[in-house]
4 protein chains.
Amino acid sequence: MDTPIQFQIQTGSPEPIYRQLMEQLRRRVAAGQWKAGQELPSVRELAGLLAVHPMTISKAYGLLEAEGLLQRRRGLSMVIAAGHERPAPKAERIERLRPTLERAAAEARELAIPKQQVLDLLARLLDDEGKPR
Amino acid sequence: MDTPIQFQIQTGSPEPIYRQLMEQLRRRVAAGQWKAGQELPSVRELAGLLAVHPMTISKAYGLLEAEGLLQRRRGLSMVIAAGHERPAPKAERIERLRPTLERAAAEARELAIPKQQVLDLLARLLDDEGKPR
Amino acid sequence: MDTPIQFQIQTGSPEPIYRQLMEQLRRRVAAGQWKAGQELPSVRELAGLLAVHPMTISKAYGLLEAEGLLQRRRGLSMVIAAGHERPAPKAERIERLRPTLERAAAEARELAIPKQQVLDLLARLLDDEGKPR
Amino acid sequence: MDTPIQFQIQTGSPEPIYRQLMEQLRRRVAAGQWKAGQELPSVRELAGLLAVHPMTISKAYGLLEAEGLLQRRRGLSMVIAAGHERPAPKAERIERLRPTLERAAAEARELAIPKQQVLDLLARLLDDEGKPR
DNA sequence: GTGGTCTAGACCACA
DNA sequence: GTGGTCTAGACCACC
């Protein structure tokens, strides 16, 4: 009973789409939400779903394969590579989150927003998270 | 007794330098830390301090001027434009912080890090803020 | 059957090239001669045609994008942004012309040229417009 | 009974102030409104009146002197140079106006404003001209 | 001294 | 192919 493999992208964002895809996948695998053996949507299928150029998907898949996170199987379909059966240690996952939080902290300070209000807002956003966007 | 105008940049970051400068200045002005009439470091001076090309600074200044945040004075260095004497309302500043926190929340969820641990880490980073760097 | 997007610049003019391009585009769009969705010549192509440095074109395009008049499409050339399907109201277009005419009127008065002769010359220039150059 | 020597400047304009002064003087002299021997306000006086830096006035005067339009007299005061007793021929003055009208015509065409409306507006502005601004 | 414009050219990122 | 960023450096205009 695996979490289905679905990606969320923001086309307006300055972060390139292929990189959004890669980051999402890396995080889900690190969290153990997506596991070794799970099959990914085909390039064309995902491109259709997200309404982006197939080459964009292909680039993300290719880089993840080179990185060892994905594995290309006989025909064409990709799966999460072996060796990713279990979540990464929690400490490591927290480390991965740190840069984004550091950035948030720096911005909050530049905006002179009191600590507690920053934490309140983040708490609310973490609760909301379950909701569909 | 104004906060002196100083910029911090990260040359390795994917975010372009000129945009880092713009964002920082926008936030400091919104926070009321830098105020209308304050004089900015000259293009050449800042370029020297940050060890970047003067045109990079000039681009940031020029865009901020087009935006109405800075004001050019013929033959003199630029100043924060009139109309920015007071901080933006706190609600508005919090809105500006929201996207970054939203992103952090999304990443935390993808990494399956429990809410409290995320908040703890951010709290710690907000405390550190004053000292290091 | 759109008017093709072509720019005319004067390299000798005190008005910077990138600004000439911006003004021309703004006016053509306001006039409804160039419309939302029309594709602009690529930076390199236009730079070649006008024999200027690509960065000069890029600067004009970038500023117009910040202004909302152009729209960037990743990996593709830029287009006139949505929301500019119809010409601006005639009254607004006339207002845009007013500063230049005001200047002309002031100069004519300083030169003590009779009103009718000024109007005659302008009428002639407006007629010529289609042909030369 | 000469027209008094008074200058109008626009500090917001992209045209540099010293050049505005030069152009105005050249046109008034060409029109015969200001004549040989008339005394100009002193640099400091005019700088005070217009609220600009004395060096700006000084630059304009200096260039006009080099050009032969102004003449420095014994003490310090400047006068319109000899040889400018009579207006320039009307044809020449009209030629001087042409570039500004050409520009107006080009803009009107880009804005797709009908010829008659352009002429009407200019006519109105030429009538207004007498009024103080 | 200030900022602005432009060129030449390298290198990156995206589709 | 597309646009973007940055550097190096020249030259101008203004005060």
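For Lys59(C) and dT5(E), the shortest distance from a side-chain N or O to OP1 or OP2 is below 4.0 Å. Contact annotation: Tyr18(B) side-chain N/O to dT5(F) OP1/OP2 distance is under 4.0 Å.
What separates CE of Met22(D) from P of dA13(F) is a distance of 12 Å, to the nearest Å. In this entry the distance linking CD of Glu65(B) with C1' of dG3(E) reads 10 Å, nearest Å. We find that CZ of Arg73(C) is positioned 10 Å from P of dG3(F), with the value rounded to whole Å. For the pair Leu50(C) CG and dT7(E) P, the interatomic distance rounds to 10 Å; values are reported in whole Å. Summarising the geometry, the separation between CD1 on Ile57(D) and P on dC15(F) is reported as 10 Å, rounded to the nearest angstrom. Atom-to-atom, CG of Leu46(C) to P of dT2(F) comes out at 12 Å; the value is rounded to the nearest Å. In this structure, Leu63(D) places its CG atom 11 Å from P of dA13(F), rounding to the nearest Å. Here the P atom of nucleotide dG3(E) and the CG atom of Leu64(B) are 14 Å apart, to the nearest Å.
Closest to the Thr56(D) side chain, of the nucleotides dC15(F), dT5(F), dT5(E), is dC15(F). Which of dG3(F), dT2(E), dC15(F) sits closest to the side chain of Ser77(C) comes down to dG3(F). Proximity note for Ile17(D) (side chain, C-beta onward) versus dG3(E), dC15(F), dG3(F): the nearest is dC15(F). If you check dT2(E), dT2(F), dT5(F) against the side chain of Ser42(C), the one that comes closest is dT2(F).
Nearest-nucleotide positions on DNA chain F for Tyr61(C) and Gly75(B) put Tyr61(C) closer to the 5' end. Along DNA chain E, the nucleotide closest to Pro41(B) and the one closest to Arg19(A) are compared, and the more 5′ of them pairs with Pro41(B). Heavy-atom nearest nucleotides on DNA chain F were determined for Arg44(B) and for Glu45(C), and the one closer to the 5' end corresponds to Glu45(C).
Annotation: the span from Glu107(C) atom CD to Arg26(D) atom CZ amounts to 11.5 Å, rounded to 0.5 Å. Tyr18(D) contributes atom OH, which lies 7.0 Å from atom CE of Met22(D) (distance to the nearest 0.5 angstrom).
For DNA chain F, each stem of at least three Watson-Crick or G-U pairs (distances under 3.5 Å) is given as range with range: E:1-14 with F:1-14.
Residues forming a salt bridge (Lys or Arg N to Asp or Glu O under 4.0 Å) with Glu15(C) (at least two apart in sequence, or on another chain): none.
Inspection of the Gln33(B) and Thr3(B) side chains reveals no N or O donor paired with an N or O acceptor under 3.5 Å.
Taking both residues in full, the closest heavy atoms of Val43(D) and Pro54(D) are given as CG1-O, 3.5 Å, listed atom of the first, atom of the second, then distance. Gln24(C) and Phe7(C) make their closest contact through OE1-CA, 3.5 Å (heavy atoms, listed as atom of the first residue, atom of the second, distance). Considering every non-hydrogen atom in both Arg73(C) and Glu39(C), the closest pair reads NH2-OE1, 3.1 Å.
Using a distance-only test at 3.5 Å, with no hydrogens or angles considered, a donor-acceptor pair links the side chain of Arg93(A) to the main chain of Leu111(B).
Residue His53(B) is in base contact, counting any heavy-atom pair closer than 4.0 Å across all strands shown. Within the 4.0 angstrom heavy-atom criterion, no nucleotide atom of any strand lies near Val52(D).
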